[in-house]
Amino acid sequence: MSKTMMSHRALWVGRLMSAFVVVALVADGIIQLFAPAQIASMLQETGFAMDLTRVVGPVVLTCAILYAIPATSVLGAILVTGFLGGAICAHVRIGELGSPPEIISLLLGAMAWGGLYARDPRIRAILPLIR
């Protein structure tokens with residue numbers, strides 16, 4: 001298979017992974033803003049007040065938008081990783097090691113960077129996984 005064909009496939013795989021991350025983050029942000037009652041029990045379990053959804057929702061949406069825009073995607077990936085790391089930390093703090101929200105957060109973070117790696121040659125140049 002030619003290098004151009006591999007690059008084209010990697011680009012589309014990266015776009016699909018990134019799109020999945022953006023959709024998941026947008027869905028989370030919208031739920032936090034417009035339907036916080038849907039996640040009330042999870043917020044209560046992790047010790048967060050319900051009124052924080054008015055702050056967290058826009059933060060998640062901003063991260064998703066920054067990640068989706070090619071010119072700001074690296075900043076977005078850094079912010080997404082930070083947000084997801086905080087989500088993982090909240091569950092570790094209450095003793096939920098390996099819980100579904102932790103695993104989902106971990107996978108979304110990996111997909112955010114994997115998608116960016118596959119679609120952005122600048123990231124591949126900085127982090128050469130294969131020599």
Connected via hydrophobic side-chain network under 4.5 Å: [X] and [Y]:
X	Y	result
V55	L61	no
V59	I88	no
I94	L97	no
I104	L106	no

* Structure fact -> Excluding L66, membership of its hydrophobic cluster (Ile, Leu, Val, Met, Phe, Trp, Tyr; side-chain heavy atoms within less than 4.5 Å) reads L75, L79

* Structure fact -> Apart from I103 itself, its cluster of hydrophobic side chains linked below 4.5 Å comprises L107

What is the minimum heavy-atom distance between [X] and [Y], and which atoms define it?
X	Y	value
V22	A68	CG2-CB, 3.9 Å
P70	S73	O-OG, 3.1 Å
G14	A118	CA-CB, 3.6 Å

* **salt bridge (charged side-chain N to carboxylate O under 4.0 Å, His left out) partners of residues 110-130, not counting sequence neighbours, each pair once** =>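 Salt bridge (charged side-chain N to carboxylate O under 4.0 Å, His left out) check on residues 110-130 returns D120-R122.
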
Within this structure, what is the [atom1]-[atom2] distance for the pair [X] and [Y], rounded to the nearest 0.5 Å?
X	Y	atom1	atom2	result
I78	C63	CD1	SG	11.0 Å
L84	L25	CG	CG	6.0 Å
R54	L33	CZ	CG	10.5 Å

* **Any donor-acceptor N/O pair, Y67 side chain to V80 backbone, under 3.5 Å** =>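 Such a contact is absent between Y67 side chain and V80 backbone.
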
* To do: Check the surroundings of atom CG in L127: do more than 12 heavy atoms from other residues, nucleotides or ligands lie under 6.0 Å from it?
  =>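 Correct, the count exceeds 12.
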
So, do [X] and [Y] sit near enough that their side-chain heavy atoms are less than 4.5 Å apart?
X	Y	answer
D28	F83	yes
V21	W113	no
F20	L108	yes

* Would R15 count as a cation-pi partner of W12, with NZ or CZ less than 6.0 Å from the six-membered ring centre and within 45° of the ring normal? ->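 Yes.
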
